[in-house]
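Encoded as structure tokens, the structure appears first; notes follow it.
Both ligands and their constituent atoms are indexed starting at 1 by order of listing. Along the sequence shown, residues carry numbers from 1.
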Amino acid sequence: MREAAMADQVKITVTGVSGRMGQMLVQAVAENDATVLTGATERPGHPWIGQDLGVALGGAALGVIVEDDPLEAIARSGAVLDFTAPKPTVEHAGLCAQAGAAHVIGTTGLSSEDAAAIAAAARHTSIVQAGNYSLGVNLLTVLTQRVAKALDLDFDIEVVEMHHKHKVDAPSGTALMLGEAAAAGRGVALEDVSDRARDGITGERTPGAIGFAALRGGDVVGEHDVIFAGPGERLILRHIASDRMIFARGAVKAALWARAAKPGQYDMVDVLGLS
Ligand SMILES: NC(=O)C1=CN([C@@H]2O[C@H](COP(=O)(O)OP(=O)(O)OC[C@H]3O[C@@H](n4cnc5c(N)ncnc54)[C@H](OP(=O)(O)O)[C@@H]3O)[C@@H](O)[C@H]2O)C=CC1
Ligand SMILES: O=C(O)C1=N[C@H](C(=O)O)C[C@H](O)C1
């Protein structure tokens with residue numbers, strides 16, 4: 001049975017609890033003395049609904065029942081860890097705003113309409129949103145911005161990423177973070193310079209473009225290169241993730257940070273104090 005929550009522990013709901021990240025988040029909450037799992041959700045119709053989470057995971061009962069109504073779970077939580085899909089994430093942002101729960105968003109592939117809805121929710125609660133919760137990638141964004149600032153337009157910037165075959169969005173959220181960092185270093189808006197779809201007779205590379213390429217296959221957790229290709233030399237900044245627990249532990253850290261933050265929208269660079 002679940003141990004009684006200590007008064008100062010932050011109560012956490014994990015949404016999409018059966019997912020690749022959902023299961024990692026459950027472990028990360030359990031291993032942190034400052035957090036306790038009080039809610040677990042899945043989509044309506046999922047076979048885990050109504051089961052004890054521990055039993056559904058193939059172990060001992062945890063005393064947390066998997067629910068399909070996020071409202072109940074979020075209402076009794078201090079923070080929600082959400083690595084699901086764009087539609088439920090936007091719904092969860094509204095519910096967190098109502099309940100005053102901090103919302104840690106890892107979901108990628110969000111549209112500009114989704115982003116606007118999340119920004120509206122952030123007027124009422126603290127939301128941390130990042131395409132990648134690892135220390136290494138967030139440090140890499142800072143380095144990418146610095147290198148892009150130091151090099152002139154003779155250096156072409158390309159972001160190359162590879163992920164497992166089940167990933168549904170491209171470019172990855174991390175690749176877009178790195179592209180944003182490179183664009184910021186150059187003092188331009190990524191949307192004005194991004195080149196995401198090369199196929200066929202594309203013509204020569206547009207000077208100043210920031211290109212993206214996405215590879216998919218096998219069980220690759222996540223690999224990202226930022227390539228600065230100049231005349232006679234190439235600089236490559238690389239991050240390789242080999243364990244999803246780096247994202248899950250980062251998300252728990254973000255939840256604890258967000259509980260102490262004022263309502264607003266934050267990223268992992270804020271949480272880690274890297275800016
Ligand atoms: N920011 C970061 O550091 C990271 C971000 N991610 C991102 O997190 C997201 C999830 O990735 P991953 O875990 O690999 O994907 P999975 O598909 O394994 O997990 C998503 C889970 O969400 C569930 N889900 C779908 N709809 C709902 C709903 N309405 N309510 C509750 N749960 C729901 C899915 O259920 P079902 O399968 O039955 O539909 C599934 O169990 C992706 O966007 C990915 O890019 C991943 C890793 C790190
Ligand atoms: O879907 C994944 O798996 C991952 N998604 C995130 C992304 O889109 O960048 C983070 C990580 O690379 C794994």
Side-chain angles (χ1 to χ4, degrees), residues 13-28 39-49 53 56-57 66-74 80-96 103-111 114 127-138 140-141 159-181 212 214-226 238-255 267-269 271-272:
T13 284
V14 172
T15 57
V17 76
S18 80
R20 278 176 290 275
M21 278 305 299
Q23 297 191 36
M24 296 288 139
L25 292 163
V26 169
Q27 275 186 51
T41 76
E42 255 303 337
R43 62 166 171 77
H46 192 279
W48 288 17
I49 301 299
L53 175 63
L57 286 166
V66 182
E67 296 167 83
D68 60 4
D69 179 359
L71 178 63
E72 282 286 309
I74 291 175
V80 174
L81 306 181
D82 187 355
F83 289 59
T84 54
K87 192 161 176 269
T89 292
V90 167
E91 183 195 350
H92 299 152
L95 296 175
C96 286
H103 193 192
V104 176
I105 299 176
T107 306
T108 56
L110 297 154
S111 67
D114 297 333
I127 296 183
V128 182
Q129 187 181 2
N132 195 302
Y133 279 87
S134 72
L135 171 62
V137 158
N138 284 280
L140 189 60
T141 62
V159 182
V160 182
E161 51 109 338
M162 182 160 188
H163 283 86
H164 54 94
K165 62 184 170 193
H166 302 293
K167 186 161 177 63
V168 296
D169 56 307
S172 68
T174 309
L176 293 172
M177 276 169 66
L178 294 167
E180 292 282 0
F212 291 87
L215 314 181
R216 296 286 175 268
D219 58 359
V220 176
V221 172
E223 301 185 359
H224 293 86
D225 277 6
V226 186
R238 169 170 295 170
H239 183 265
I240 296 179
S242 50
D243 183 351
R244 287 188 177 84
M245 279 304 284
I246 60 173
F247 311 131
R249 292 194 183 106
V252 170
K253 186 181 279 228
D267 61 23
M268 200 56 187
V269 170
V271 173
L272 295 169

Here the atoms of ligand 1 under 4.0 Å from any heavy atom belonging to Gly19 are 18 (O), 19 (O), 41 (O)
Per atom 27 (C) of ligand 1, closest listed option by heavy atom (Gln23, Arg43, Met268): Arg43
Test item, Lys167 contacting ligand 1 (heavy atom, 4.0 angstrom): yes
Would you mind listing each N/O atom of ligand 2 next to any protein N/O under 3.5 Å, plus the distance?
residue  : atom   : partner : partner atom : Å
ligand 2 : 1 (O)  : Lys167  : NZ           : 2.9
ligand 2 : 3 (O)  : His164  : NE2          : 2.8
ligand 2 : 5 (N)  : Lys167  : NZ           : 3.2
ligand 2 : 8 (O)  : Lys167  : NZ           : 2.7
ligand 2 : 8 (O)  : Gly173  : N            : 2.8
ligand 2 : 9 (O)  : Gly131  : O            : 3.4
ligand 2 : 9 (O)  : Gly173  : N            : 3.3
ligand 2 : 9 (O)  : Thr174  : N            : 2.8
ligand 2 : 9 (O)  : Thr174  : OG1          : 2.5
ligand 2 : 12 (O) : His163  : NE2          : 2.6

Which atoms of ligand 1 sit under 4.0 Å from any heavy atom of Thr107? 43 (O)
Spacing of Glu72 atom CD and Leu95 atom CG [to the nearest 0.5 Å]: 11.0 Å
Within the structure provided, determine whether His163 and His224 are in side-chain contact (heavy-atom separation under 4.5 Å). yes
Using a strict cut-off of 4.0 Å, indicate which atoms of ligand 1 neighbour a heavy atom of His46. 38 (O)
Considering only protein heavy atoms, which is closest to atom 9 (C) of ligand 1, and at what distance to one decimal place? Thr84 O, 3.5 Å
Any N or O on Thr108 sitting closer than 3.5 Å to an N or O of ligand 1? yes
Using non-hydrogen atoms of the residue, decide whether Ala130 is closer than 4.0 angstrom to ligand 1. yes
Pull out every atom of ligand 1 sitting under 4.0 Å from any heavy atom of Gly131, numbered as shown with elements. 1 (N), 2 (C), 3 (O)
When every non-hydrogen atom of Ala251 is compared with those of Leu25, the smallest separation belongs to CB-CD2, 3.8 Å
Using a plain distance cutoff, I'd like to know if Met21 has any nitrogen or oxygen under 3.5 Å from a nitrogen or oxygen of ligand 1. yes
Would you call the rings of His164 and His166 parallel, tilted or perpendicular if under 30° counts as parallel and over 60° as perpendicular? tilted
So, is Pro44 polar-close to ligand 1, with some N/O to N/O distance under 3.5 Å? no
Could you tell me whether ligand 1 has any atom less than 4.0 Å away from a heavy atom of Thr41? yes
Please confirm whether the backbone N or O of Ser18 pairs with a side-chain atom of Glu42, one donor and one acceptor, at under 3.5 Å? yes
Measuring only between side-chain heavy atoms, which start at C-beta, is Thr13 closer than 4.5 Å to Thr41? yes
Quick one: nearest non-hydrogen protein atom to atom 3 (O) of ligand 1, plus distance? Tyr133 N, 3.0 Å
Which residue holds the protein heavy atom closest to atom 17 (O) of ligand 1, what is that atom called, and what is the gap in Å? Arg20 NH2, 3.7 Å
Tightest non-hydrogen contact, residues Met21 and Ala248, listed as CE-N, 3.8 Å
Check: Asp68/His46 side-chain N/O donor and acceptor closer than 3.5 Å: no
Contact between Val252 and Leu81 at the side-chain level, heavy atoms closer than 4.5 Å - yes or no? yes
Answer side chain, backbone, both or neither: which part of Phe83 comes under 4.0 Å from ligand 1, heavy atoms only. both
Closest to atom 5 (C) of ligand 1 by heavy-atom distance, out of Gly106, Gly173, Ala254, is Gly106
Counting only nitrogen or oxygen atoms and a 3.5 angstrom limit, does Glu42 reach ligand 1? yes
For atom 37 (O) of ligand 1, decide whether some protein heavy-atom distance is shorter than 4.0 Å. no
So do the side chains of Thr107 and Asp82 get within less than 4.5 Å of each other, counting heavy atoms only? yes
Would you please classify the geometry between the Tyr133 ring and the Phe83 ring as parallel, tilted or perpendicular, with 30° and 60° separating the classes? tilted
Atoms in ligand 1 flagged as close to Phe247, the criterion being non-hydrogen separation under 4.0 Å: 3 (O), 47 (C), 48 (C)
Quick check on contacts: which atoms of ligand 1 are under 4.0 angstrom from a heavy atom of Pro88? 26 (N), 27 (C), 28 (C), 29 (N)
So, do Met177 and Asp267 sit near enough that their side-chain heavy atoms are less than 4.5 Å apart? no
At less than 4.0 angstrom from any non-hydrogen atom of Asn132, what atoms of ligand 1 do you find? 1 (N), 2 (C), 3 (O)
Verify whether one side chain among Thr141 and Asn138 offers a donor that lies under 3.5 Å from an acceptor in the other. no
Min heavy-atom dist Ser18 to ligand 1 below 4.0 Å: yes
Which is it for Thr15 and ligand 1 at heavy atoms under 4.0 Å: side chain, backbone, both or neither? neither
Taking the side chain as every heavy atom from C-beta outward, state whether Thr174 and Glu161 have any pair of such atoms under 4.5 Å apart. no
Gap separating the NZ atom of Lys167 from the CZ atom of Arg20, nearest 0.5 angstrom: 9.0 Å
Glu223 side chain reached by Leu215 side chain, heavy atoms, under 4.5 Å: no
Where is the tightest heavy-atom contact between Met268 and Ala254, given as atom of each residue plus distance? SD-CB, 4.1 Å
